[in-house]
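The next block holds one structure in the form of structure tokens; read it before the comments.
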2 protein chains.
Amino acid sequence: MRRMTARPGNAHQARLLRLLRDGGPNSRAQLGDQVDLSRSKLAVEVERLLETGLVVADGLAASRGGRRSHNIRLAPALRFLGVDIGATSVDVAVTNAELEVLGHINQPMDVREGPVAVFEQVLSMAAKLKASGLAEGFDGAGIGVPGPVRFPEGVPVAPPIMPGWDGFPVREALSQDLGCPVMVDNDVNLMAMGEQHAGVARSVGDFLCVKIGTGIGCGIVVGGEVYRGTTGSAGDIGHIQAVPDGRPCACGNRGCLEAHFSGAALARDATEAAQQGHSQELAARLAAVGSLSAVDVAAAAAAGDATALDLIREGGNRTGQVIAGLVSFFNPGLVVIGGGVTGLGHTLLAAIRTQVYRQSLPLATGNLPIVLGELGPTAGVIGAARLISDHLFSPA
Amino acid sequence: MRRMTARPGNAHQARLLRLLRDGGPNSRAQLGDQVDLSRSKLAVEVERLLETGLVVADGLAASRGGRRSHNIRLAPALRFLGVDIGATSVDVAVTNAELEVLGHINQPMDVREGPVAVFEQVLSMAAKLKASGLAEGFDGAGIGVPGPVRFPEGVPVAPPIMPGWDGFPVREALSQDLGCPVMVDNDVNLMAMGEQHAGVARSVGDFLCVKIGTGIGCGIVVGGEVYRGTTGSAGDIGHIQAVPDGRPCACGNRGCLEAHFSGAALARDATEAAQQGHSQELAARLAAVGSLSAVDVAAAAAAGDATALDLIREGGNRTGQVIAGLVSFFNPGLVVIGGGVTGLGHTLLAAIRTQVYRQSLPLATGNLPIVLGELGPTAGVIGAARLISDHLFSPA
DNA sequence: ACGACTTTTTCCACTCAGAGGACAAAGGGA
DNA sequence: TCCCTTTGTCCTCTGAGTGGAAAAAGTCGT
């Protein structure tokens, strides 16, 4: 089938497309309740959208007691591709135009193999999803990469953990390979957009989304829009000093948050604890698998292992201390914690909360929920789909 | 004379008023170059503005080689009142519609005397300015207070250093007393707006403005707009922990930045150093005046006093450390340092720069100027005038 | 001084988005 | 069945805004 080529012709049409994306099928009358346009104008714009094929009629709407009305919905054949490239794995998912995930694949991978190898893998994963009948093609794709991005051009800039990616024209290249429009952003920003669209951050205008994975980053949402900073590196909180004269960090400084707590740091600490015999539980796991990760620490903690719990609490304290500073500065309406270590769950959350509520002023923390993300690994890919759909559903 | 009652009737008129405010007198043709409206439409809107009296004709424009054209300017009788309430003093200024300061008074004062006493003083200062012939009345007033403000209502909320102000309807009350529209904001935000309008931050979209006075605060500008946070306490960085287990702070925690460096902390440290005989220079000043302030430390430092220099450097290091974290997080395009301690000058600035450039990542600091504010005490009052003019020069 | 060329302003006819009312179509409830 | 409500369609009217023509008022070269 031919892919979506049309774009909304004006701001009204863009608005309607977004309403249909976020609210699902709607009758013309229901749309009219939301957009403050006259019925005639609305009818004209809907008619034009129907002509483009972006939306289609979809049976009868639930009756509200008058003349029966027909539903309108986004074309059911539209497909977005969401790609979330992490440090050690990739997530690829297909969504429909309402951003519902129809299929999702996760595979291990190492970003350091460089963009060419990684995108080869991504394309084969996308092909697999296509082959399973979920899509006949893609109308747009959103890509998340674990480092700063010059957003307008879709190019990674000086990414510390991704040597070989600096300046690689991700947007350009993937747009060619996939044959559809592509937008690229930092993975943390996409997670924030995902939680905003379908997770805990719905209806919150200003919030922070802290992602603790291999590294640590923070998505910043201001007035419903992701804030990316002057050079695209906003939210890069992994290298904020958490411990004066603390551990050496790969960035050359000492005491960076990331050096003391992150997926990588946690794995290292756990391995060390196991080798030094501080924890039977961890030692057993190390012996069984050969290496430890955050997942093992989570499991050990769940089994009641004191060392594992201490590691988590200590990390939570450090993280909480940094977040407390950010809360004072930014005064968000919500803080979301997500990423690979979310499995550490409430032990981690409790430690973070304790620090923040103790250190920040009551006016900032008074009504401040600090919660775990509710989408887990799908936050990134949903955010990616959201990114490209925001782009496509905006006036040309 | 009757005061301004008219307001722009639509977004175009508002746009034109702001252009005239920021660019001074302009011919219709020059305005046309900036607004992307047809000549005819522009002529209509200008005509309507002339009818309201908000703008007036103002002689001939500089010739560009064709038919002579007449300048348009904002009504020369328009007057805004800018009020900057600090912890220990008040600044009151009158500006014209182009936000040029026509008269400026500074008086010592103690906010803790409460809103009624303070506003009595402010009103008498405003009356003095009026009496000196600078204004026949005020068309609007902007007020800055040293604490968080619920912005839409113009009411201080839970201000730590201003007991008795919590919930006081500043906007309402002053609007009554002055008989003109009033807007209220945090003093730090106003300083940021001042530097943005007439100071170092012109043409920068995203920047931070750190004000070090009796306390420490930070104005946050995102995309040219001040960001105030969910409860109006954004930028409250004085209580970020700068020293683990450091000095006790009035807020109940330990190690807050404000407890280690601020006008108040500096005065205390200097007094202690003088009393313990560490510094002849400071001891002499203490003996002469009876108490020390940041100004004395600045003077001692200028005279080469080692103790004073150490105090400044130490404070700069602490401040720089906190700012380094904020820079990593926010990735601003500029950092402005201002407030009462600006007199400490380049010693302070150098210490801050050292910390930030060392601790933050190159991508964030690569092209990041860290500079002193260039407006000094007028930044606040200009920002206040800007605040109310933005309000008045927006579509009703 | 005069003509050629520019710039600025004014006037006017024309387009087009959008509002809003009238009316038709198609239900529900007493 | 009758009446009321909701929804969809049609049509007219308004007002914002565009763009061209022409007039007004300069500059500059010869």
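Chain identifiers are assigned alphabetically (A, B, ...) following the order of the sequence lines, protein sequences preceding nucleic acid strands; residue numbering begins at 1 within each chain.
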>> Let me spell it out: for each of A:Leu60 and A:Asp36, pick the nucleotide of DNA chain C with the closest heavy atom. Which residue's pick is nearer the 5' end?
In response: A:Asp36
> Contact class for A:Arg39 vs. all strands (heavy atom < 4.0 Å): base, sugar-phosphate, or nothing?
Replying inline: base
> Separation of B:Arg15 atom CZ from D:dG17 atom P, in whole Å?
Replying inline: 14 Å
> So, is B:His70 near the phosphate of C:dT9, with a side-chain N or O under 4.0 Å from OP1 or OP2?
Replying inline: no
> CZ of B:Arg28 versus C1' of D:dA25: gap in Å, rounded?
Replying inline: 15 Å
>> If I take atom CG in residue A:Leu50 and atom P in nucleotide D:dG8, what distance separates them, rounded to the nearest angstrom?
In response: 12 Å
> Which nucleotide in the set D:dA16, C:dA19, C:dT8 lies at the smallest distance from any side-chain heavy atom of A:Lys41?
Replying inline: C:dA19
> So does A:Arg68 get a side-chain nitrogen or oxygen closer than 4.0 Å to the phosphate oxygens (OP1/OP2) of C:dG27?
Replying inline: yes
> Which residue lies toward the 5' end of DNA chain C, B:Ala43 or A:Ser38, if each is placed at its nearest nucleotide?
Replying inline: B:Ala43
> Using a cut-off of 4.0 Å on non-hydrogen atoms, how would the nucleic acid contact of B:Ser69 be classed: base, sugar-phosphate, or nothing?
Replying inline: sugar-phosphate
> Over how many whole Å does the gap from B:Leu42 atom CG to C:dT9 atom P extend?
Replying inline: 9 Å
>> Which heavy atom of A:Val200 sits nearest to which heavy atom of A:Glu195, and what is that distance?
In response: N-OE1, 3.2 Å
> Of A:Ala29 and B:Glu45, whose nearest nucleotide on DNA chain D comes first from the 5' end?
Replying inline: A:Ala29
> Taking only side-chain nitrogens and oxygens of A:His12, does any of them come within less than 4.0 Å of OP1 or OP2 of C:dG18?
Replying inline: yes
> Taking the inter-plane angle between the rings of A:Tyr227 and B:Phe330 on a 0 to 90° scale, is it parallel (under 30°), tilted (30 to 60°) or perpendicular (over 60°)?
Replying inline: parallel
> Do we get A:Arg228 above A:Phe151's six-membered ring, with its NZ or CZ under 6.0 Å from the centre and within 45° of the axis?
Replying inline: yes
> With a 4.0 Å cut-off, would you call A:Arg21 and A:Glu100 a salt bridge?
Replying inline: no
> Any donor-acceptor pair under 3.5 Å between the side chain of A:Ser40 and the base of C:dG20?
Replying inline: yes
>> Rounded to whole Å, please give me the gap between CG in B:Leu31 and P in C:dT8.
In response: 12 Å
